[in-house]
Amino acid sequence: MNAPSKAAISPTRAANFPEWYQQVIKAADLAENSDVRGCMIIKPWGWGIWENVQRQLDVMFKATGHVNAYFPLFIPLSFLEKEAEHVEGFAKECAVVTHHRLEARDGKLVPAGELNEPLIVRPTSETIIGAAYARWVQSYRDLPVLINQWANVVRWEMRPRLFLRTAEFLWQEGHTAHETKEEALAETEKMLGVYEKFAREHLALPVFTGEKSESERFPGAVSTLCIEAMVQDRKAIQAGTSHFLGQNFSRASGIQFTTREGGQELAWTTSWGVSTRLIGTLIMAHSDDDGLVLPPRVAPSQIVILPVLSKPDSRSAVLQAAEELATKLRTQTAFGEPVRVEIDQRDAGGGVKNWEWIKKGVPLRVEIGPRDIEKASVAVSRRDRGPKEKEFPVQAEFVASVGSILESIQSGLLARATAFRDEHTRTLDSAEEFRAFFTPQNSEQPEIHGGFALAHWDGTAETEEKIKSELKVTIRCIPRGTETEAGVCPWSGCPSKQRVVFAKSY
RNA sequence: CGGGCUGUGGCUCAGCUUGGUAGAGCGCUUGAAUGGGGUUCAAGAGGUCCCGGGUUCAAAUCCCGGCAGCCCGACCA
């Protein structure tokens, strides 16, 4: 059957974006829902992406002077109470451990051995890390403390979605303590820069950076910086945050040090994190109606070799040629790392296997069969082009150029995502334009609409709330620095210091 | 925590209105064919019809009570 127009994923993005997202994950075999509501099983292909994210980010953290450590999963309930705003932000979604033993009763296991003080499963670790820092930091000579941890956290979400919002998720959380406010602020900026660079260069995601408004700020932070990406339904997604915590958590945890002058002062702290949500962002930003599209830099395998095993008599020669090709490709580098190659030797139909790899988003598919061996060529398909498009380079030339091909796919994805974002980012000056931009044409079955709006805002929570309740549009970030342009808030008529980024969000 | 819907082989679901031998597609196993592509044919395995109670000669089907899940709201650094 040739049905070139048939998409591998049903429904398509245009037909039903949320359902398309779920089907892409399923078709690419990234993850699935588990027996525990809200908790996901990350399958090998999905985990492979996370391993690359982890490894590559970890290098960047080390390069900026950070070291890794590990803090406990459980936090005494009383710790959470120490920072008032923090309590308000997290109490509603905490999992609580109240017992430490099970006893058999009437054939069922029931909790026994109640704890003196309940423990919460960490929703974030500021409080327990703060308590440790309070012991570790005595003098200005002990500062700065620059520690990161890779961990899981639990936030009991009411409406989970694979990778985007799950009850348990994986992340990294950096926690630093500094002698001065300026130094802590600089740290917050520096790590935001790391996230921006990682998103752009590794995930091929162009992001807006800026500061959160008060209503979107991390509970307990003085200020929250963020990176915001646009995905293909034109919604915004917060992909990473970096918080300046001032002395709030130092005060709560008692992180106090002797200054150079001999006085006592509270340390200035920061925290910053990205999570498995990055994978959800990646999926929604780059994938198409044939399934996942992976930036080569984070693809678990960058190349899959598909031996054409159609004729029994050529089978062993083809397999051997595939092995030799893989070995040659592995001597090549892309992005400064050895190229990652796997061979799919499964005894299944060639077409079936080919489509599986399209759906898994592997950047390059290389077929090698009897005819290729004769001609010393290979058949190469790129995931950023049509599923039927093939090129037939001479094998040696392909091997020599594979690094630059992968790099061009990577930069192509970034260019495409950037063009998409720019196309759907508007500068708006009136409430009418704003409403039109964010209101779907068909209210019965809302189509993909809107995007990012750069508009003036009077800086008040009231205006922000008004827009949110009317249009479900929120301020994603307040860009800093560069060409700020004063104007008038279209909602209140009050003066505005600068334009901010509005969007519907995940 | 409110409103709606659904629980039937591994998966997606039909059957329920009007009670009478447990079904389909996909997947799986085996065999054959096919072979630069999203396969075809044949045979086979696999089910406490969510749980408990009731009505009945007889319940997947009707009634009552649980439990679980999904969707829409509310909530969501």
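Convention: sequence-line order gives letters A, B, ...; per-chain numbering from 1. Only heavy atoms go into these numbers, but all of them, side chains included; no hydrogens, no water, no symmetry mates.
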How far does the C1' atom of B:rG69 sit from the matching atom of B:rA33, given to the nearest Å? 44 Å

Mind checking A:G89 for me? I need base, sugar-phosphate or nothing, with any heavy atom below 4.0 Å counting as a touch. nothing

Euclidean distance, atom NZ of residue A:K353 to atom P of B:rG36 [Å, nearest integer]: 14 Å

Can you tell me, in whole Å, how much space there is between the C1' of B:rG44 and that of B:rU8? 22 Å

What integer distance in Å separates A:N16:CG from B:rC71:P? 12 Å

Angle class for the A:W268/A:F244 ring planes (parallel below 30°, perpendicular above 60°, tilted otherwise)? parallel

I'd like the C1' distance from B:rC16 over to B:rU61, given in whole Å. 4 Å

Whole angstroms only, please: what is the CG-C1' distance between A:N33 and B:rC11? 14 Å

With a 4.0 Å cut-off on heavy atoms, is A:P123 in touch with a base, just the backbone sugar-phosphate, or nothing at all? nothing

Which residue pairs pass the salt bridge (charged side-chain N to carboxylate O under 4.0 Å, His left out) test when at least one of the two sits in residues 460-473 of chain A, sequence neighbours left out? A:R435-A:E470

Base, sugar-phosphate, or nothing: which does A:Q238 touch, judged by heavy atoms less than 4.0 Å apart? base

B:rG47 versus B:rG36 - spacing of their P atoms, nearest Å: 40 Å

Between A:P219 and A:Q22, which is nearer to the 5' end of RNA chain B once each is assigned its nearest nucleotide? A:Q22

Please report the distance separating the C1' of B:rU48 from the corresponding atom of B:rA60, rounded so that it comes out in whole Å. 12 Å

To the nearest 0.5 Å, how far apart are CG in A:L30 and CG in A:L294? 7.5 Å

What orientation do A:W171 and A:F169 show, parallel under 30°, tilted 30 to 60°, or perpendicular over 60°? perpendicular

Kindly indicate, with the supporting measurements, whether the criterion salt bridge (charged side-chain N to carboxylate O under 4.0 Å, His left out) is fulfilled by A:E32 and A:K43. CA-CA 8 Å; A:E32 63 186 38; A:K43 301 181 78 174; 3.6 Å; yes

What's the closest nucleotide to the A:K472 side chain, out of B:rG73, B:rG38, B:rG36? B:rG73

Per the side-chain hydrogen bond (donor to acceptor under 3.5 Å, both in side chains) rule, which among A:Q498, A:E211, A:E189 passes with A:R480? A:E189

Spacing of CD belonging to A:E126 relative to CD belonging to A:E83, to within rounding of 0.5 Å: 9.5 Å

Determine the Euclidean distance between corresponding C1' atoms of B:rG7 and B:rG15; express it in Å to zero decimal places. 15 Å

Using atom P of each nucleotide, how far apart are B:rC13 and B:rC70 to the nearest Å? 13 Å

Ring center gap for A:F163 and A:W50 short of 6.0 angstrom: no

With the side chain of A:R165 defined as its heavy atoms from C-beta on, choose the nearest nucleotide among B:rG73, B:rG36, B:rC76. B:rC76

Taking any heavy-atom pair under 4.0 Å as a contact, classify A:A379: base, sugar-phosphate, or nothing. base

Whole Å only: how far is the CZ atom of A:R346 from the P atom of B:rG38? 16 Å

Among B:rG36, B:rC75, B:rG38, which nucleotide has an atom closest to any side-chain atom of A:V308? B:rG36

So, do A:T241 and A:C226 sit near enough that their side-chain heavy atoms are less than 4.5 Å apart? yes

Counting runs of three or more consecutive pairs, Watson-Crick or G-U wobble, with each distance below 3.5 Å, where are the stems of RNA chain B? B:1-7 with B:67-73, B:10-13 with B:23-26, B:28-33 with B:39-44, B:50-54 with B:62-66

Quickly work out the A:R161 CZ to B:rC71 P distance and round it to whole Å. 9 Å

If you find the nucleotide of RNA chain B closest to A:T224 and the one closest to A:K26, which residue's nucleotide is nearer the 5' end? A:K26

Is there a donor N/O on one and an acceptor N/O on the other, under 3.5 Å, for the side chain of A:N354 and the base of B:rG36? no

Under 4.0 Å, heavy atoms only, any strand: does A:K212 hit a base, just the sugar-phosphate, or nothing? nothing

Among the candidates B:rC75, B:rG36, B:rU39, find the nucleotide nearest to the side-chain atoms of A:V352. B:rU39

Which part of the nucleic acid, if any, lies within reach of A:Y506 when heavy atoms closer than 4.0 Å are counted: base, sugar-phosphate only, or nothing? nothing

Take atom CH2 of A:W156 and atom C1' of B:rC76, then tell me their distance rounded to the nearest Å. 15 Å

For the C1' atoms, the ones on B:rC26 and on B:rG3, what distance do you get once it is rounded to whole angstrom? 35 Å

Separation of B:rG35 atom C1' from A:L306 atom CG, nearest Å, is 15 Å

What's the closest nucleotide to the A:W355 side chain, out of B:rG36, B:rC76, B:rG38? B:rG38

Distance to the ring centre below 6.0 angstrom and angle to the axis at most 45 degrees; does that hold for A:R122 and A:F79? no

From the candidates B:rG38, B:rC76, B:rG36, the one with an atom nearest any side-chain atom of A:E93 is B:rC76

A:K92 has its side chain closest, among B:rC76, B:rG38, B:rG36, to B:rC76

Over how many whole Å does the gap from A:E389 atom CD to B:rG36 atom C1' extend? 17 Å

